[in-house]
Every structure is written in structure tokens, then in C-alpha cells.
Enquirer: 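Input: one structure, supplied below.
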Amino acid sequence: DAGVIQSPRHEVTEMGQEVTLRCKPISGHDYLFWYRQTMMRGLELLIYFNNNVPIDDSGMPEDRFSAKMPNASFSTLKIQPSEPRDSAVYFCASAPTVTYEQYFGPGTRLTVT
Amino acid sequence: AQSVTQLDSHVSVSEGTPVLLRCNYSSSYSPSLFWYVQHPNKGLQLLLKYTSAATLVKGINGFEAEFKKSETSFHLTKPSAHMSDAAEYFCVVSVLMDSSYKLIFGSGTRLLVRP
């Protein structure tokens, strides 16, 4: 298996633009997680899905952020409109169960100017 | 309240000497505990996990951790540091709350290994 795949690896955009981050989890994993990592706030869990259903989105910072999982092999995290404070590395991870090891993707480095 | 505290933001050791990264947790429930490592510009990788089996857990690359319920600690150790161990380490607690799992990350400990 290729592991968790994220795209793009780097994204530079201007404030106010829509940004879409993509994730393909490992086949057979029922859980998918989105994280954000910054120097100031460390690693934060934004949302996680179980069998394509959002279970806990309490970490989503505000309404500008939305996440979907239309099927077991694809998820998106969208920011609309983007702001400079959204600049961070966004990680996607998947796991067979929520208490098992999570497999992280390489991350998407987002820069909003 | 559930929380994870990594007691040191930075730890510096010489190559070949022991490593100790400290983690304390607060949980009203029986937690699952993990240590993850993050090398520069990489995603996180699991080192080891505790899920209520043996209290001494062995992981990859010679790391191990001991779950001490009485001390609410899950410290990470390695007998002899290698230059390749230089990275950031995260202690993580998975706790079931209100029918959903909460993943709580420590703030991280950056391990520096001197030649």
C-alpha cells in the first residue's frame, strides 16, 4: 500500500481565496483524521470520520472550514475564504480503529499571503 | 478534564547516552497512550502504544515506555541515543468521552542529539 496520500504537498494562495486539501486514506481503514500543525498551537485535531461519517468536528476552528468524505477512499478539507492565520501544515491520517495506530500522510504546507 | 503534559519542550543528550522524555496524563477513564515521532518535514510515525495490556511497552528503534497508573505517567526511554533519533516526540492520549474518542496531543518534546 502506498500509505496515506495528500495533495497538494505545498499550496500558496492569497487571502480570500478558496483552498481545497485532499486526502486518500489507506484502503480498509475505517477512520480518517484531519490535523493542523503550527508553531504557536502545536498539533490540533480538526475533525475525524468513521465510515465516511463525521464523528467529532469540535476542533474545526470556524465556519470557514469544512470537511467531507464522499466515499471510503477520499476526503477533502476546504477553507473558504482563506486567511493568513490559516497558514499551517495540514495532516491527514487514517486508522483501522480509533484506538489503533494512526498512519499519517506527508502533510500539506499551506501559506496564505 | 483530560490532558497530556510533556514536561520538557527540549531535551539534549550526547550520542550513546540514555534518553528520557517525560509525559504525564490526566484522565478519568482508562486511556490508550501513544508516543509518536516526527522528523523534520515529515508526518508523524508511531513509536509505541499502550492499550491496557503489558505496562512496559516496547516500540521501534529501541524505544520503550512504561505505563505507571499510580503516577499517571508514560515516560519514553531509550538506553543509547543515536544521531538519527533527533526529532520531535509527541505523547498522545486516546480517551472515550460522550460516545466519541478524543485524541489529546502533548505539546511535543524536541530531542537534540550531540555527536
Side-chain angles (χ1 to χ4, degrees), chain A residues 1-10 21 23-26 29-51 53-60 88-111, chain B residues 1-6 8-10 23 25 27 29-53 57-61 63 65 67 74 87-110:
Chain A
D1 199 317
V4 175
I5 298 173
Q6 290 186 247
S7 64
R9 293 294 310 278
H10 301 273
L21 310 182
C23 175
K24 176 178 168 55
I26 292 173
H29 283 188
D30 291 337
Y31 287 82
L32 184 139
F33 306 81
W34 281 102
Y35 294 90
R36 177 173 68 176
Q37 185 176 39
T38 61
M39 289 293 292
M40 291 296 293
R41 300 175 68 90
L43 197 66
E44 303 171 278
L45 176 66
L46 300 177
I47 184 172
Y48 78 89
F49 295 83
N50 177 23
N51 291 323
V53 176
I55 301 301
D56 184 354
D57 65 355
S58 59
M60 294 286 264
V89 180
Y90 291 81
F91 288 103
C92 175
S94 70
T97 78
V98 74
T99 58
Y100 268 56
E101 170 180 2
Q102 292 187 25
Y103 294 79
F104 281 74
T108 296
R109 183 174 296 276
L110 173 65
T111 303
Chain B
Q2 323 301 316
S3 66
V4 177
T5 303
Q6 291 185 242
D8 306 293
S9 60
H10 293 81
C23 173
Y25 70 93
S27 173
Y29 306 88
S30 297
S32 294
L33 296 158
F34 309 82
W35 275 99
Y36 281 81
V37 60
Q38 185 180 26
H39 291 277
N41 300 313
K42 301 287 187 183
L44 278 71
Q45 179 187 16
L46 182 74
L47 276 179
L48 48 80
K49 61 178 181 263
Y50 167 78
T51 54
S52 74
V57 181
K58 294 187 183 298
I60 62 172
N61 299 335
F63 284 94
F67 173 69
F74 191 56
E88 187 145 23
Y89 293 79
F90 294 92
C91 182
V92 183
V93 174
S94 171
V95 181
L96 179 62
M97 291 175 57
D98 300 326
S99 302
S100 73
Y101 279 93
K102 297 289 186 182
L103 295 167
I104 304 171
F105 281 75
S107 55
T109 298
R110 185 166 298 277

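Numbered from 1 within each chain, the chains take letters A, B, ... in sequence-line order.
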Enquirer: Look at the side chain of B/Y36 and the backbone N and O of A/Q102, then say whether any donor-acceptor pair between them is shorter than 3.5 Å.
Expert: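 Pair found, side chain donor or acceptor close to backbone of A/Q102.
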
Enquirer: Given heavy-atom pairs under 4.5 angstrom as the criterion, report whether the side chain, backbone, both or neither of A/L43 touches chain B.
Expert: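 Both backbone and side chain.
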
Enquirer: Under 4.5 Å heavy-atom distance to chain B, tell me which part of A/R109 shows up: side chain, backbone, both or neither.
Expert: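 Looking at A/R109, just its side chain touches chain B.
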
Enquirer: Give, as side chain, backbone, both or neither, the part of A/Q37 having an atom under 4.5 angstrom from any heavy atom of chain B.
Expert: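 When you check distances to chain B, only side chain atoms of A/Q37 fall under 4.5 Å.
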
Enquirer: Return the set of residues passing ring pair (Phe, Tyr, Trp, His ring centres under 6.0 Å) with B/Y25 (not counting sequence neighbours), or none when no residue passes.
Expert: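 With neighbours one apart ignored, the set is B/F67.
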
Enquirer: Side chain, backbone, both or neither: which part of A/Y35 has an atom under 4.5 Å from a heavy atom of chain B?
Expert: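 Contact with chain B is through the side chain of A/Y35 alone.
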
Enquirer: Relative to chain A, which segment of B/Q45 carries a heavy atom at a distance below 4.5 Å: side chain, backbone, both, or neither?
Expert: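 Interface part for B/Q45: neither.
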
Enquirer: Name the member of B/G43, B/G106, B/S107 that forms the most heavy-atom pairs with chain A at distances under 4.5 Å.
Expert: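 Looking at each option in turn, the highest pair count goes to B/G43.
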
Enquirer: Measure the NZ-CZ distance between B/K42 and A/F91 for me, rounded to the nearest 0.5 Å.
Expert: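 Interatomic distance, B/K42 NZ to A/F91 CZ, rounded to 0.5 Å: 11.0 Å.
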
